[in-house]
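Report on the structure given below.
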Amino acid sequence: MNNRSLLLFTVLLSVFALPQTHAATINLQNAGFEIPYLEDNMSTFSITGWNVTNINSSDSGFGTHIENPYFSSFYSNQIEGRNVLTANRGEIVSQSINELLESNSTYTLSVNIGSRGYSLDTWNGYRVQLWADETLLAEDDTSLVPQERSFLTSVLMYTSSDSSEGLGGNLEVRLQSYSSVDVVFDNVSLEVTPVPIPASIYLFMTGVIGLLFRVRRQKQELRYYINY
């Protein structure tokens, strides 16, 4: 194998030897609110895997609950599974995840946001947040206004670095309604993807390898002239 072929082989080997980036799903308990199993038009205040914080006790809303809504509340094919989370009274529904915020990673949180049909209340909005301990990483504060009896998907993305606040903190997802107006949440998903190595690193590696081969070649030529 000549020097040129060896150089090409080494560059290709170094590129393919670098870690490849793939999104990994972070486990959330009861992410689709399918626990417990509910018959049609039934509901429960028991929300497995999630905590409910009431920050507005004076609000007269019904309270946050899981329900299997009657068919006219939504188009059935838009609901993931059977159940949805219906939130109101400004309550925060949160889940602390057994996963730490890592550097150089992109976190993608997606949640389906729904508006019930035949509601007399005016849509007042919602919050979707991603936290690491006490550090707010990303937030959607009512960027979407779904039409009655339909869902839209809220997507939050946060990319950490070596100096990001909250590194090593437990990740937490928070869902919140405003006032007594029903906001429906469904199909929560959180993924993490390592930040790929920049192209400049590949170029730098190629340059270093090329320099090494140049030095090696010069040594060989010098040895040849000395021997000659």
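This is a predicted model, so every value here is computed, not measured.
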| message | Testing the basics here: between E39 and Y37, what is the closest heavy-atom pair and its distance to 0.1 Å? | response | OE2-CE2, 3.7 Å
| query | Counting distance only, does the side-chain N/O of Q176 pair as donor-acceptor with the main-chain N or O of E91 below 3.5 Å? | reply | no
| message | Any heavy-atom pair between the side chains of F151 and V84 that's under 4.5 Å? | response | yes
| field | L136 side chain near Q129 side chain, heavy-atom distance below 4.5 Å | value | yes
| task | Give a yes or no on whether I35 and L38 share a hydrophobic cluster (residues Ile, Leu, Val, Met, Phe, Trp, Tyr; joining criterion: side-chain heavy atoms under 4.5 Å apart). | result | no
| message | For the OG atom of S46 and the CD1 atom of I66, what is their distance to the nearest 0.5 Å? | response | 7.0 Å
| query | Sub-3.5 Å donor-acceptor pair from the side chain of E34 to the main-chain atoms of N83, do we have one? | reply | yes
| field | Intermediate values then yes/no, side chain to side chain contact (heavy atoms under 4.5 Å, CB included), Q78 and S150 | value | CA-CA 7 Å; Q78 291 191 335; S150 66; 3.5 Å; yes
| message | Working to the nearest 0.5 angstrom, can you tell me the gap between T86 OG1 and D182 CG? | response | 6.0 Å
| said: Nearest 0.5 Å, please: how far is CG in L85 from CG in N187? | reply: 12.5 Å
| Any idea which heavy atoms bring G125 and V183 closest together, and the distance? | O-CG2, 3.4 Å
| remark: Rounding to 0.5 Å, atoms CD (E148) and OG (S115) come to a distance of 6.0 Å
| message | Please find the pair of heavy atoms, one from T108 and one from M157, that lie closest to each other, and give the distance. | response | OG1-CE, 3.7 Å
| request: Run the numbers on T159 and T106 for side chain to side chain donor-acceptor pair (under 3.5 Å), then give the verdict. | output: CA-CA 4 Å; T159 299; T106 296; 2.9 Å; yes
| How close do S161 and S103 get, heavy atom to heavy atom, and via which atoms? | O-CB, 3.3 Å
| Within one Ile-Leu-Val-Met-Phe-Trp-Tyr cluster: V184 and L144, side-chain cutoff 4.5 Å | no
| query | Hey, is R127 close enough to E139 for a salt bridge, meaning N to O under 4.0 Å? | reply | yes
| In Å and rounded to the nearest 0.5 Å, what is the CD to CD distance from E172 to E99? | 14.5 Å
| query | Are E67 and R116 within salt-bridge range, i.e. N to O under 4.0 Å? | reply | yes
| message | Please verify the inter-ring angle class for F45 with H65; under 30° counts as parallel, over 60° as perpendicular, anything in between as tilted. | response | perpendicular
| Can you check side chain to side chain contact (heavy atoms under 4.5 Å, CB included) on N112 and L152, steps first, answer last? | CA-CA 6 Å; N112 290 352; L152 293 174; over 6 Å; no
| query | Are side-chain heavy atoms of T44 and P36 found at a separation under 4.5 Å? | reply | yes
| request: Would you please test I92 and V52 for side chain to side chain contact (heavy atoms under 4.5 Å, CB included) and show each step? | output: CA-CA 6 Å; I92 298 174; V52 178; over 6 Å; no
| Stepwise, does the side chain to side chain contact (heavy atoms under 4.5 Å, CB included) test hold for V192 with L190? | CA-CA 7 Å; V192 58; L190 180 60; over 6 Å; no
| task | Mind running side chain to side chain donor-acceptor pair (under 3.5 Å) on D140 and S154 for me, showing each step along the way? | result | CA-CA 7 Å; D140 174 8; S154 171; 2.5 Å; yes
| query | So do Y158 and S164 actually touch side chain to side chain, heavy atoms under 4.5 Å? | reply | yes
| request: Indicate yes or no: at least one non-hydrogen side-chain atom of L101 is less than 4.5 angstrom from one of Y107. | output: yes
| query | Counting N and O atoms only, with roles assigned by atom type, does the side chain of T142 sit under 3.5 Å from a partner on the main chain of Y126, one being a donor and the other an acceptor? | reply | yes
| query | Any side-chain heavy-atom pair from F74 and P69 closer than 4.5 angstrom? | reply | yes
| field | I79-F185 co-clustered via ILVMFWY side chain contacts under 4.5 Å | value | no
| message | Within the structure provided, determine whether N30 and W50 are in side-chain contact (heavy-atom separation under 4.5 Å). | response | yes
| T25 OG1 to E191 CD distance, which is reported to the nearest 0.5 Å | 4.5 Å
| field | Matching residue for I113 among V128, D186, T153 - test: side chain to side chain contact (heavy atoms under 4.5 Å, CB included) | value | V128
| note | Heavy-atom closest pair (G63 atom, N88 atom, distance to 0.1 Å) is N-OD1, 2.9 Å
| query | Yes or no on side chain to side chain donor-acceptor pair (under 3.5 Å) for N104 and D162, after CA distance, side-chain angles and deciding distance? | reply | CA-CA 6 Å; N104 303 310; D162 291 329; 2.8 Å; yes
| said: Between I97 and V111, is there shared hydrophobic-cluster membership here, with clusters defined by ILVMFWY side-chain heavy atoms closer than 4.5 Å? | reply: yes
| Do L109 and V188 have side chains that get closer than 4.5 Å, going by heavy atoms? | yes
| Exam field: side chain D133 to backbone N170, donor-acceptor pair closer than 3.5 Å | yes
